[in-house]
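Scroll down for the structure; my scribbles are underneath it.
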2 protein chains.
Amino acid sequence: MSESSTLRPTRQRRAITEALAGASDFQSAQDIHDSLRQAGEKVGLATVYRTLQAMADAGEVDVLQGSGGESAYRRCSTHHHHHLVCRSCGRTVEVTGPAVESWAEAVARDHDFAEVSHSLELFGICADCRQQ
Amino acid sequence: MSESSTLRPTRQRRAITEALAGASDFQSAQDIHDSLRQAGEKVGLATVYRTLQAMADAGEVDVLQGSGGESAYRRCSTHHHHHLVCRSCGRTVEVTGPAVESWAEAVARDHDFAEVSHSLELFGICADCRQQ
DNA sequence: CTCCGATTGAGAGTCAGTCTCAATCTACCG
DNA sequence: CGGTAGATTGAGACTGACTCTCAATCGGAG
Ligand SMILES: [Zn+2]
Ligand SMILES: [Zn+2]
Ligand SMILES: [Zn+2]
Ligand SMILES: [Zn+2]
């Protein structure tokens with residue numbers, strides 16, 4: 001109805017999509033820009049930011065708000081889910097919580113809030129990182 | 001037991017604490033700096049940032065990571081809880097979710113992650129904002 | 001009152017991310 | 001095919017939030 005009409009598959013966009021597909025953990029825009037550089041693909045930083053933002057808006061990637069105000073992106077499955085991230089190595093696991101979803105709705109109803117969304121992430125240390 | 005020894009209750013710190021106590025919703029460092037200015041209290045911006053950060057570390061205030069990378073602070077009750085925030089007016093309600101807490105622990109256990117913490121916030125439109 | 005480390009603040013610096021706009025690319029058309 | 005409108009790109013300027021630096025000041029233990 002409004003946007004999908006215009007989305008050209010350019011070399012840059014393809015490169016970014018590929019870089020995203022090749023990593024399983026969250027990466028910042030700068031990380032992606034660097035790895036593209038490393039791979040020989042010349043893509044402007046602004047383009048990386050723009051593309052990532054667009055993909056996030058389109059729901060093609062998930063965004064993780066880093067504590068330092070920087071965002072990290074990750075190619076994720078399309079259904080609603082959350083993440084369990086290792087604070088040490090960044091390893092990420094997708095998790096779902098039906099109980100959480102219904103709790104959120106109940107809380108919203110109780111307080112008479114509408115159009116409720118939520119952000120939820122779990123952080124810890126994975127088994128591998130723990131043992132040395 | 002270890003550090004608390006050095007925390008002088010200066011005019012600036014008192015002013016910031018008071019400003020925080022006077023507001024019930026999340027406020028950015030800049031917001032607080034402005035309101036202090038308005039109130040005639042001259043406090044440097046750097047001091048506001050430093051103090052807020054310290055209070056957050058000490059668990060005296062909760063921090064809400066704004067989507068734009070800015071942090072907002074709020075004087076909160078000390079026990080573990082989450083927030084339901086109005087996207088329109090900022091009205092904030094503290095909420096607790098026993099179900100969520102136990103779900104988080106279970107998920108962590110299932111994936112063998114340790115020292116798990118979580119961030120969870122709910123956003124919506126409050127009743128007042130909805131009706132005009 | 002004295003002294004010393006804690007605190008402050010003006011201003012420079014950092015850094016992620018955004019904007020500007022001319023050059024470039026693409027899809028589509030005749 | 002060449003032509004064209006509109007999408008896309010990228011170098012570099014810019015923004016805005018936040019941190020650092022360091023000399024001047026403060027506060028309270030003795
Ligand atoms: Zn790990
Ligand atoms: Zn959810
Ligand atoms: Zn509201
Ligand atoms: Zn919780």
Side-chain angles (χ1 to χ4, degrees), chain A residues 1-20 25-58 60-74 90, chain B residues 1-20 25-58 60-74 90:
Chain A
M1 230 131 297
S2 27
E3 341 61 16
S4 62
S5 47
T6 48
L7 266 199
R8 245 130 60 167
T10 64
R11 170 179 66 76
Q12 293 86 334
R13 297 223 244 254
R14 227 170 289 126
I16 294 175
T17 301
E18 208 167 297
L20 238 20
D25 299 333
F26 283 92
Q27 294 186 121
S28 71
Q30 306 264 5
D31 288 343
I32 293 176
H33 181 244
D34 288 348
S35 66
L36 285 180
R37 264 294 166 77
Q38 216 104 52
E41 289 283 2
K42 289 152 300 148
V43 181
L45 185 55
T47 300
V48 175
Y49 275 111
R50 269 188 300 238
T51 304
L52 250 18
Q53 191 108 66
M55 293 175 107
D57 289 348
E60 291 172 32
V61 296
D62 276 5
V63 187
L64 185 59
Q65 207 69 352
S67 53
E70 8 138 16
S71 308
Y73 304 81
R74 177 180 193 270
Chain B
M1 243 343 77
S2 33
E3 335 66 13
S4 62
S5 45
T6 47
L7 264 199
R8 242 130 61 168
T10 64
R11 171 179 64 77
Q12 292 87 333
R13 297 226 243 254
R14 225 169 292 125
I16 293 174
T17 300
E18 206 167 299
L20 237 19
D25 299 333
F26 282 92
Q27 294 185 123
S28 71
Q30 307 263 7
D31 287 343
I32 293 176
H33 181 245
D34 287 350
S35 66
L36 285 181
R37 262 297 165 75
Q38 215 103 52
E41 290 282 2
K42 288 152 301 150
V43 181
L45 184 56
T47 299
V48 175
Y49 274 111
R50 269 189 300 240
T51 304
L52 249 19
Q53 190 110 64
M55 295 175 106
D57 288 348
E60 292 172 31
V61 296
D62 276 5
V63 187
L64 185 58
Q65 207 68 353
S67 53
E70 7 136 19
S71 308
Y73 304 81
R74 177 180 193 268

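Order of the sequence lines sets the chain letters (A, B, ...), proteins ahead of strands, with each chain counted from 1. These numbers come from the heavy atoms of this one structure, side chains and all, not from hydrogens, waters or symmetry mates.
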Distance (rounded to the nearest 0.5 Å) between B:L52 CG and B:R74 CZ: 14.0 Å
Of A:Y73 and B:V48, the one whose nearest nucleotide on DNA chain C sits closer to the 5' end is B:V48
B:M55 CE to C:dT7 C1': how many Å, rounded? 15 Å
So, OP1 or OP2 of D:dG10: does either fall under 4.0 Å of a side-chain N or O from A:Q12? yes
Looking only at the side chain of B:A46 (C-beta and beyond, no hydrogens), which of the listed nucleotides C:dT8, C:dA16, D:dC20 gets closest? D:dC20
For a quick test of reading the model: is some side-chain N or O of B:Q53 closer than 4.0 Å to OP1 or OP2 of D:dC18? no
Just the rounded figure in Å: distance from P of C:dG17 to CD of B:Q65. 12 Å
Between B:Y49 and D:dC18, is there a side-chain N or O to OP1/OP2 distance below 4.0 Å? yes
For B:R11 against B:V43, the heavy-atom pair lying closest together: NH1-CG2, 4.3 Å
Is a donor-acceptor contact shorter than 3.5 angstrom present between the side chain of A:R50 and the base of D:dG10? yes
Give the residues of residues 25-43 of chain B touching DNA chain D, defined as any heavy atom closer than 4.0 Å, sorted by residue number. B:Q30
Over all atoms of both residues, closest heavy-atom pair of A:Q65 and B:G66: NE2-O, 3.8 Å
Distance (rounded to the nearest 0.5 Å) between A:I32 CD1 and A:R37 CZ: 14.5 Å
From C-beta outward on A:R13, which listed nucleotide comes closest to its side chain: D:dG10, D:dT8, C:dA16? D:dT8
From CG of A:L45 over to P of D:dT9, roughly how many Å is that when rounded to an integer? 13 Å
Indicate whether OP1 or OP2 belonging to C:dT26 is found under 4.0 Å from a side-chain N or O atom of A:R11. no
Taken to the nearest 0.5 Å, the spacing of A:M55 CE from A:I16 CD1 works out to 7.5 Å
If you assign each of B:T10 and B:A72 to its closest nucleotide in DNA chain D, which residue comes earlier from the 5' end? B:A72
Which one, D:dA17, D:dT9, C:dC25, comes nearest to the side chain of A:R8? C:dC25
How far does CG of A:L45 sit from CD of A:Q30, to the nearest 0.5 angstrom? 5.0 Å
Protein-nucleotide distance (B:L52, atom CG; D:dT19, atom C1'), rounded to Å: 14 Å
Nearest-Å distance, CG (B:D57) to P (D:dC18)? 14 Å
Do any side-chain nitrogens or oxygens of B:S71 fall under 4.0 Å of OP1 or OP2 in D:dA17? no
Looking only at atom types and distance, does a side-chain atom of B:D31 sit under 3.5 Å from a main-chain N or O of B:S28, one as donor and one as acceptor? yes
